[in-house]
Protein chains: 2
Amino acid sequence: MTSPRGNGRGASSQRGPLTRREVVTAALALVDADGVDALTMRRLAERIGVYPTALYWHAGNKASLLAAVCELAHSDMELPPVVGGPPWHEWLRSMGHAARAMLHKHPNIAPVLASQLQVTTSSFPLSESVLAVLHGAGFEGERLTGAYNTVIGFLFGWLFGELASEPPEADEDWTSGFQRKLRDIDSDAAPTLAANLPVLANQAFMLRWESGRRRPMDRSFEMALDVLVAGLAAQVGHEQAVGG
Amino acid sequence: MTSPRGNGRGASSQRGPLTRREVVTAALALVDADGVDALTMRRLAERIGVYPTALYWHAGNKASLLAAVCELAHSDMELPPVVGGPPWHEWLRSMGHAARAMLHKHPNIAPVLASQLQVTTSSFPLSESVLAVLHGAGFEGERLTGAYNTVIGFLFGWLFGELASEPPEADEDWTSGFQRKLRDIDSDAAPTLAANLPVLANQAFMLRWESGRRRPMDRSFEMALDVLVAGLAAQVGHEQAVGG
DNA sequence: ACCTGAACACCGTTCAAGT
DNA sequence: ACCTGAACACCGTTCAAGT
């Protein structure tokens, strides 16, 4: 009950003063393992083997700790090289896959990234790369802003949607109730939905009961990338360059 | 301190037993006014003029109350008519504007919708409409699923990003620190970013310190819609139909 | 500088009891 | 059926005190 250090994290926790990096790493590990709701100052402190209030000295309050956790997860994303790299549409596809890989590695952090503005700090390299690639594709000035916002908003928005939180397992009522409502859909009121239920149920947004962490939406993501790239190409007059 | 009803909500609260609808409406009003963090069972109860535990009888626990709040907000979205309506690309634009109007009417609920899977219940009419329109545009089977996921994921993902939560006002440190970091960007490491800062600062994802609730991203949204529609057109071979 | 230990104001939720 | 009232187990955070 009294919680001095030492039994906290096995071999990896060295002696010596606790460091900020150690706190943030432990917090990300906790989120990855048990979800973002499991991240409480008290629980994290216990896991590290320290008193809760000690965390405040290193990581500030919970909000700034969470921001640091997001930043750490974000740093796991490897950007494709821009100079001497592939043509812009291929680069965007690589970047999309890199972003998706990072988020699937830390799916529990996705809802946090999706809802907060603050966590964007230190993603300047990503911004610069996307901007450079789009500039190279022919976008300038306000249209560069628009294209950039389209790419970031569409891509990350789609991925955050794929990785949305599932209801807590306690709520099996919801899952079974939703499945029943889906099965009982009126084919008069919703004919297209009813007719295509086999390819839609649990595979499409707003029609699924499992998150993309459990059920990755691989093919839909590829098609989304196709649409994004082709749409940008149309904006810049390179329709023929990207293929269907 | 003792909190019987009557002084709770002025004239609008009739006598008689509390109803579920009344609870959910009051909860949405509280979220709209003060943000989702302000929605606690105890505070809501006090506002209605009832004991906290009374809410559980009508609305279940907090998670299901929040789901009901999302559903209520969602019901504020007016779908454009499908049969006898405009061509598919114009319909998609109208739907996009309707979704945006709804979310800008309840911006504080956007982060919840962005992060949770559960809140999708009873959006079957929206799903059916989008599916019908895309089917009419020529998508079938698995490609229909892909196109549907592209539309929903891109559109709502973009809008949730626009309306992300700002840091609490207490955190003026973050805002000013972020602005400084943006101003001090190294034009060697990030030349495109540095050169285009005037059209990017506070107007682009990951480069802004204010949310779209305060600073709507109107023009970028229009361009995003252009890209989405043109990209879908390319998928189905109607490139010439939608215009640039 | 770094951390303990107590304390404060708040949560969501359960449950027995009232009417 | 509908709500009260007390109680429980948890929070985040502050602050004085130790070393």
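To find a chain, count down the sequence lines: A is the first, B the second, and so on, and within it residues start at 1.
- Between A:Asn61 atom CG and D:dC15 atom P there is a gap of 14 Å when expressed in whole angstrom units.
- A centroid separation of 6.0 Å or more is found between the aromatic rings of B:Trp158 and B:Phe154.
- Applying the 3.5 Å distance criterion, the base of D:dG5 shares a donor-acceptor pair with the side chain of B:Thr53.
- In this structure, the CD atom of A:Glu46 is 13 Å from the P atom of D:dG12, given to the nearest Å.
- At the phosphate of D:dC11, OP1 or OP2 sits under 4.0 Å from a side-chain N or O atom of A:Arg43.
- Here C:dA9 sits opposite no nucleotide as a Watson-Crick or G-U wobble pair (both hydrogen-bonding atom distances under 3.5 Å).
- Across the protein-nucleic acid pair, B:Ile48 atom CD1 and D:dC3 atom P stand 10 Å apart, rounded to whole Å.
- In this entry the distance linking CZ of A:Arg20 with P of C:dC2 reads 13 Å, nearest Å.
- Which of D:dC3, C:dC3, D:dT13 sits closest to the side chain of B:Pro17 comes down to D:dC3.
- Distances were taken from every side-chain heavy atom of B:Trp57 (C-beta onward) to each of D:dC3, C:dG12, C:dC2; the shortest belongs to D:dC3.
- When each of D:dC3, C:dG12, C:dC3 is scored by its nearest atom to the side-chain atoms of A:Ala54, the top-ranked nucleotide is C:dC3.
- Counted within 6.0 Å of CZ on A:Arg215, heavy atoms from surrounding residues, nucleotides or ligands total more than 12; the atom is thus considered enclosed.
- Spacing between atom CE of A:Met41 and atom C1' of D:dT13 amounts to 9 Å, rounded to whole angstrom units.
- Set against D:dA7, D:dC3, C:dC2, the side chain of B:Arg42 has D:dA7 as its closest nucleotide.
- Judged by Watson-Crick or G-U wobble contacts below 3.5 Å, the nucleotide C:dA16 has D:dT4 as its partner.
- One can place CG of A:Leu44 at 13 Å from P of D:dT13, the figure rounded to the nearest angstrom.
- For A:Tyr51, the side-chain atoms get nearest to C:dT4 when compared with the rest of D:dT13, D:dC2, C:dT4.
- Taking the six-membered ring where the residue is Trp, B:Phe221 and B:His97 present perpendicular rings, their angle passing 60° and hence far from 30°.
- You'll find that the side chain of A:Thr40 is closest to D:dC11, out of D:dC3, C:dT4, D:dC11.
- In terms of position along DNA chain D, the nucleotide closest to B:His58 lies nearer the 5' end than the nucleotide closest to the other residue of the pair A:Gly60 and B:His58.
- Two residues are said to be in side-chain contact when any heavy atoms from C-beta on lie closer than 4.5 Å; B:Asn108 and B:Asp34 fail this criterion.
- Looking at the side chain of B:Leu18, the nearest of the listed nucleotides D:dC11, D:dC3, C:dC3 is D:dC3.
- Panel note: side chain A:Gln116, backbone B:Pro167; no donor-acceptor pair is recorded below 3.5 Å.
- Rounded to an integer number of Å, the gap from B:Leu65 CG to C:dG12 P is 10 Å.
- Between the NZ atom of B:Lys62 and the P atom of D:dC10 there is a distance of 18 Å, given to the nearest Å.
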